[in-house]
Amino acid sequence: MRDNPLVLHVLGARPNFVKAAPVVRGLDELGVRQGIVHTGQHYDALMSDVFFADLGLPEPIANLGVGSGSHARQTAALMTGLEEVVLTHRPDLVVVYGDVNSTLAAILVCAKLHIPTAHVEAGLRSFDREMPEEVNRVVTDALADILLVTSPDGLSHLANEGVSPAKAHLVGNPMIDSLFSALPKLDPAPLKARLGLPERYAVATLHRPANVDDPESARELVEAVLAVGEQVPVVVPLHPRGRERLAQAGLVTGDGLVIIDPLGYVEFLSLVRGAALVVTDSGGVQEETTMLGVPCLTVRPNTERPITITHGTNRLVTPATLPAAASKALADGAATPSGELPPLWDGKAGPRVARVIEAWLRGDNLSPAAQGVPPTA
């Protein structure tokens, strides 16, 4: 290992930036040399650039500008660009986040070039291999050298897959660190005024391939969201992915619907904080609503974040059951998490991750106690 080792963070989509910011800050406080590689998987300024400003992330050392495409084309372009960056900078460790194609591409490139890697958010499983993200998670965890786990079930999943316990570290959820940091700035009033929203409104975020790529599935989902819009105005920040398909299926501004461009991190969470209900197919939004106490209906048959159901405000629904579930959630009013909040979702995950990485760079084995993890966690 070099005297002044280099850590590179590979970020490509909104959730990556949110998870990375506390880790970058934690490593900076420990004096670790680091840089960010922005793959451009989310190429819209409202889906990426604004997050650097909102989260206080440093300027990337490289921006690959890959953009959209099929899984194969996008992943191939990502691998080509990332290989050049890794060969140029020769990092001592590459940190990847979540389950997007940028993460898969980085882990494959580094495995071929024998560059060590760490995976933040390791061990999450939906057990649904039809989800592209599930394939990305499984492959990433199989190849990563350090597995940084957000919830106890992740440790169990990795153990069941034969992963050495020495590689896995329960550190908590850095996305929650970012949310805690943003809380004082989360004010829905300016957005409500700008969008002309009443006191009660819902928010919907829809982008999963299973929901928007197939025309029939998109039509069923849009009909369900329109039915929710008959009960309460629904604000839909439309992800570039699937925008055209959802519009063709009838998701356009009109009675009960307010279609807007993607929002920055602080603006989006402000909108969610003031909502009476959130409808989503996003993993990160399930976590954020759990912490904000906002009722969340996830339009998916499964979730890799079951802790948001057992400890949070999240419920799984289908398009067919969404309108009735929305009616009940709106009638019940503000949600409260079920029992205690998830373990180690305490705003201190970033420093824990940083300590694990810094110890690994030194060649030390870091015990749970040294990471700041209680013995019972």
Side-chain angles (χ1 to χ4, degrees), residues 12-16 41-42 44 47 67-75 78 97-105 121 123-141 157 202-229 234 236-252 257 259 262 277-290 296-309 312 314-326:
R14 171 195 183 271
N16 296 165
Q41 180 176 332
H42 274 177
D44 189 306
M47 295 297 290
S68 62
S70 69
H71 285 287
R73 289 182 181 276
Q74 188 181 65
T75 305
L78 287 162
Y97 297 81
D99 54 24
V100 298
N101 285 342
S102 295
T103 295
L104 175 67
E121 207 177 67
L124 295 185
R125 296 291 182 269
S126 68
F127 301 101
D128 180 0
R129 291 292 178 91
E130 291 188 11
M131 290 180 63
E133 297 88 352
E134 181 76 354
V135 175
N136 292 353
R137 293 179 202 117
V138 172
V139 173
T140 299
D141 286 342
H157 298 155
V203 175
T205 69
L206 310 165
H207 72 277
R208 291 278 176 179
N211 280 333
V212 304
D213 282 3
D214 175 68
E216 181 61 23
S217 297
R219 183 189 62 77
E220 291 176 359
L221 179 59
V222 167
E223 288 180 356
V225 173
L226 290 172
V228 175
V234 181
V236 189
L238 262 189
H239 193 298
R241 188 185 201 293
R243 179 188 293 265
E244 184 177 347
R245 288 187 180 89
L246 289 172
Q248 290 172 348
L251 196 71
V252 294
L257 285 187
I259 308 299
L277 172 69
V278 169
V279 177
T280 191
D281 55 13
S282 162
V285 173
Q286 295 172 54
E287 297 175 339
E288 290 160 344
T289 50
T290 282
C296 179
L297 300 177
T298 298
V299 192
R300 284 171 47 185
N302 49 56
T303 178
E304 66 286 350
R305 293 165 168 86
I307 201 165
T308 64
I309 296 174
N314 185 31
R315 299 292 179 270
L316 298 180
V317 297
T318 66
T321 62
L322 172 59

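We use all heavy atoms of the structure for the numbers below, so side chains are in, but hydrogens, waters and symmetry mates are not.
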Requested in this report: Mind checking side-chain contact (heavy atoms from CB on, under 4.5 Å) for S282 and listing every partner two or more places apart, or none if nothing turns up?
Outcome: T205, H207, T280, V285
Query - Counterpart residues, side-chain contact (heavy atoms from CB on, under 4.5 Å), relative to A227 (two or more places apart) - result: P323
[X] [atom1] to [Y] [atom2] distance, which is reported to the nearest 0.5 Å:
{"X": "L246", "Y": "N211", "atom1": "CG", "atom2": "CG", "result": "8.5 Å"}
{"X": "D281", "Y": "L316", "atom1": "CG", "atom2": "CG", "result": "12.0 Å"}
{"X": "L206", "Y": "L251", "atom1": "CG", "atom2": "CG", "result": "7.0 Å"}
{"X": "R305", "Y": "E121", "atom1": "CZ", "atom2": "CD", "result": "4.5 Å"}

Are the side chains of [Y] and [X] in contact, using a 4.5 Å heavy-atom criterion?
{"X": "P209", "Y": "E133", "value": "yes"}
{"X": "D99", "Y": "L124", "value": "no"}
{"X": "V299", "Y": "R208", "value": "no"}
{"X": "L226", "Y": "L257", "value": "yes"}
{"X": "N302", "Y": "M131", "value": "yes"}
{"X": "I259", "Y": "L238", "value": "yes"}

Query - For E130, salt bridge (charged side-chain N to carboxylate O under 4.0 Å, His left out) partners two or more places apart - result: none
Query - Set of residues satisfying salt bridge (charged side-chain N to carboxylate O under 4.0 Å, His left out) with respect to R125, sequence neighbours excluded - result: D141, E161
Report task. Please list, chain by chain and in numerical order, all residues satisfying side-chain hydrogen bond (donor to acceptor under 3.5 Å, both in side chains) with E134, sequence neighbours excluded. Result -> S126, R137
Query raised in the report: Does T298 have any side-chain hydrogen bond (donor to acceptor under 3.5 Å, both in side chains) partners at least two apart in sequence or in another chain, and if so, which?
Result: N314
List the atom of [X], the atom of [Y], and the distance in Å for their closest heavy-atom pair.
{"X": "V222", "Y": "G250", "value": "CG1-C, 3.7 Å"}
{"X": "P237", "Y": "P262", "value": "CB-CA, 4.3 Å"}
{"X": "A326", "Y": "V228", "value": "CB-CG2, 3.9 Å"}
{"X": "R300", "Y": "T303", "value": "NH2-CA, 3.6 Å"}
{"X": "C296", "Y": "T289", "value": "CB-OG1, 3.3 Å"}
{"X": "V234", "Y": "A204", "value": "CG1-CB, 3.8 Å"}

Is the backbone N or O of [Y] less than 3.5 Å from a side-chain atom of [X], with the two atoms forming a donor-acceptor pair by type?
{"X": "N16", "Y": "Y97", "value": "yes"}
{"X": "H157", "Y": "G123", "value": "yes"}
{"X": "T75", "Y": "H71", "value": "yes"}

Query - Stepwise side chain to side chain contact (heavy atoms under 4.5 Å, CB included) test for N136 and N101 - result: CA-CA 7 Å; N136 292 353; N101 285 342; 3.2 Å; yes
